[in-house]
Amino acid sequence: MKKDAVEEKDYSLYQLLDLGDVIGVEGYLFRTRTGELSVHVERLTFLSKNLMGMPEKYHGLEDVEIRYRQRYLDLIANPEVQKAFETRAKVVASFRRQFQERGYIEVETPMMQPLYGGAAARPFVTHHNTLDIALYMRIAPELYLKRLIAGGMERVFEINRNFRNEGISTRHNPEFTMLEFYQAYADYRDMMDLTCELLKQVALDATGGTVVEYGDLQLDFGQVRRFKMREAVCEFWKGPERPTMEEARDPRWLLRHSEKTTAGEALVDIFERHCEDALVQPTIIYEYPVEVSPLAKQNADDPAMTDRFEVYAAGMEIGNAFTELNDPDEQRRRFEMQLTMREKGDEEAHQMDEDYLRALCYGMPPTGGEGIGIDRVTMLLTNSKSIRDVILFPLLRPEGEIGIAQWLREASEK
RNA sequence: GGGCCGGUAGCUCAGUGGUAGAGCAUCUGACUUUUAAUCAGGUGGUCGCGGGUUCGAUCCCCGCCCGGCUCACCA
């Protein structure tokens, strides 16, 4: 901006500008002595006024509370924030494109459900006035997507929000984005292979490579390890007396090493305590106990286990998949088992969903299904320590009276 | 919910039982040079909120609010 290159009124306007004002300029492009691209201004147009003090340019805005509450200010002050959300958009676009290429149909199923299910979680409850009924914000789309499989939509996927009424942490936001996909005539082995392909391609599309920096770790999405849950317990056992596979299979051994009351729950408990934080590189853990898998098909050789797996990376669960249980009578028994757990005080146990049973009674083909947490995958691919860094408006406690309306009123009266 | 840490100017941060500080931003003047940072001067604070101790509290004590990390819970 040079005084002799612009009209007098433009220059006096320029002198009234504050940091953060939005202006339009006309002129020619040039490079400054330091090589920065700039505009030699010949005409100046005022577009919008910034009334607030701006964060300091050098440090940016570091107060995390303000960054999350006033994301608009975070975006203005910290350019890398916009970058993270661009990467998030690439993650979603990559998944979507990969499913479309594989012949999956994208669908949208109810977020407000009269019965909730498909996961172990407490729901948010709301109310519909005209019907005068309670509705639950969904904790998962699973049971609706499988109704579609029963109806002959052989490959479906949905990318949408789930809502779980539970604690908030660096890895949990009460609403989060879940990708779920189901493929008829596939099983959990097929889903494992598909998962490896999907993750590798998403890493490529979002970051340009399959090896990703995460904190001081390097995660390689080009290869995913696979362990049975019992193998993982033997492999990653902390401390002396590493168990043998024989012991890991023995219900008495399992119950001796856990407070839980069933062998299956004990195995999961031991796994979580000994293995979870060791699963830094992308890893598939498979064969989950039937007690914790009410919607998964039992293993043909070992009825205590199900054909189910989870994907871990950086010690964090990012996906959950199984061969879907498609026997309506066995599903009835599983629901009844869940009802018993509910009566014993498990608030997260499944409800009986009779319409889902009815759908299975029409014959659901053998199906592989999976859910992948979009937020968590995005954390890994944007090197974010907290899920709040990949959710534009994470849930925070309301801050109370801001006083800006009063401030504006007083300003306009002057 | 437990533990630890934090909340001081618009932003980034110092600080002390005795009138509250710096840098940047903002304002005034000079400069027309450039990519956080030209010079000089000025404005700016219920020190998160409420009690208590004290002659006196931003500081010490208690309670509360908001946030962060972490454990628990939870996928």
Side-chain angles (χ1 to χ4, degrees), chain A residues 1-6 11 14-21 30-41 49-70 73-74 76-79 118-123 139-140 142 162-174 176-178 180 259 268-269 271-273 276-277 279 285 288 292-295 308-313 315-322 345-349 370-377 385-389 394-404 407:
Chain A
M1 183 94 189
K2 281 199 160 107
K3 194 174 188 174
D4 44 4
V6 295
Y11 190 72
Y14 161 70
Q15 290 183 307
L16 288 173
L17 292 178
D18 292 320
L19 192 60
D21 289 349
F30 72 106
R31 284 203 183 272
T32 66
R33 281 189 309 206
T34 50
E36 199 71 32
L37 196 59
S38 189
V39 182
H40 181 89
V41 179
K49 186 67 191 168
N50 168 44
L51 300 173
M52 309 293 279
M54 293 300 276
E56 186 198 14
K57 192 172 176 184
Y58 184 60
H59 291 93
L61 180 68
E62 299 196 347
D63 183 321
V64 285
E65 184 168 352
I66 300 177
R67 289 189 49 219
Y68 297 147
R69 282 197 197 283
Q70 300 177 245
L73 188 56
D74 189 28
I76 293 169
N78 300 320
R122 283 183 290 165
I139 58 173
E142 171 150 354
N162 285 352
F163 308 86
R164 298 187 184 175
N165 206 337
E166 57 195 28
I168 299 174
S169 79
T170 45
R171 295 186 294 279
H172 301 261
N173 193 62
F176 61 99
T177 302
M178 182 74 118
E180 285 206 12
E259 310 272 304
V268 173
D269 177 47
F271 165 78
E272 285 175 351
R273 282 187 286 117
E276 217 161 39
D277 54 2
L279 303 179
I285 301 293
Y288 274 64
V292 298
S293 314
L295 301 165
R308 172 182 175 193
F309 70 88
E310 294 197 350
V311 194
Y312 286 85
M316 191 162 66
E317 182 202 335
I318 58 175
N320 177 22
F322 36 88
D346 184 348
E347 288 185 77
E348 301 184 338
E370 180 163 348
I372 292 179
I374 293 291
D375 312 272
R376 290 187 176 175
V377 170
K385 259 183 73 185
S386 171
I387 199 167
R388 296 183 202 96
D389 293 324
L395 184 65
L396 298 178
R397 222 178 266 276
E399 64 181 316
E401 197 69 33
I402 297 172
I404 200 92
W407 182 79

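FYI, side chains are in, hydrogens and waters are out, and symmetry mates aren't considered; it's all heavy atoms of this structure. Predicted, not measured: the structure shown is a model, and the values here were computed from it. Chain naming here is simple, since letters A, B, ... match the order of the sequence lines and numbering starts at 1 in each.
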- request: With sequence neighbours excluded, tell me which residues meet side chain to side chain donor-acceptor pair (under 3.5 Å) with A:Asp277.
  value: A:Lys238
- request: Tell me, please, which residues at least two apart from A:Asp346 pass salt bridge (charged side-chain N to carboxylate O under 4.0 Å, His left out).
  value: none
- request: For A:Asp21, enumerate each residue passing the salt bridge (charged side-chain N to carboxylate O under 4.0 Å, His left out) test, keeping only those at least two apart in sequence or located in another chain.
  value: A:Lys49
query: salt bridge (charged side-chain N to carboxylate O under 4.0 Å, His left out) with A:Arg69: which residues, sequence neighbours excluded?
result: A:Glu65
task: List for me each residue that meets salt bridge (charged side-chain N to carboxylate O under 4.0 Å, His left out) alongside A:Glu310, sequence neighbours excluded, and say none if there are none.
output: A:Arg308
query: Expressed as a whole number of Å, how far does the C1' atom of B:C65 sit from that of B:G48?
result: 7 Å
N/O contacts under 3.5 Å, protein versus nucleotides 23-29 of chain B?
residue : atom : partner : partner atom : Å
B:C27   : OP1  : A:Asp18 : OD1          : 2.7

Give me the distances for all protein-to-nucleotides 66-74 of chain B N/O pairs that come in under 3.5 Å?
residue : atom : partner  : partner atom : Å
B:C66   : OP1  : A:Arg397 : NE           : 3.3
B:C66   : O3'  : A:Arg69  : NH2          : 2.9
B:C66   : O2'  : A:Glu65  : OE1          : 3.2
B:C66   : O2'  : A:Glu65  : OE2          : 2.2
B:C66   : O2'  : A:Arg69  : NH2          : 3.3
B:G67   : OP1  : A:Arg397 : N            : 2.7
B:G67   : OP2  : A:Arg397 : NE           : 3.4
B:G67   : O4'  : A:Glu65  : OE1          : 3.0
B:G68   : OP1  : A:Arg388 : NE           : 3.2
B:G68   : OP1  : A:Arg388 : NH1          : 3.4
B:C69   : OP2  : A:Arg388 : NH1          : 3.2
B:C74   : O3'  : A:Ala120 : O            : 3.4
B:C74   : O3'  : A:Glu348 : OE1          : 3.2
B:C74   : O3'  : A:Glu348 : OE2          : 3.4
B:C74   : O2'  : A:Glu166 : OE1          : 2.4
B:C74   : O2'  : A:Glu166 : OE2          : 2.7
B:C74   : O2   : A:His172 : ND1          : 3.3
B:C74   : O2   : A:His172 : NE2          : 2.7

Set of ring-ring contact (aromatic ring centres under 6.0 Å, His included) partners for A:Phe271, sequence neighbours left out: A:Tyr312
Watson-Crick or G-U stems involving RNA chain B, each at least 3 pairs long, distances under 3.5 Å, ordered by first number: B:1-7 with B:65-71, B:10-13 with B:21-24, B:26-30 with B:38-42, B:48-52 with B:60-64
- prompt: Can you list the residues that meet the side chain to side chain donor-acceptor pair (under 3.5 Å) rule with A:Arg171, with sequence neighbours excluded?
  reply: none
query: Looking at residues at least two apart in the chain, or sitting in another chain, which of them share a side-chain contact (heavy atoms from CB on, under 4.5 Å) with A:Ile76?
result: A:Met54
- line: Applying side chain to side chain donor-acceptor pair (under 3.5 Å) to A:Arg273 and not counting sequence neighbours gives A:Asp269
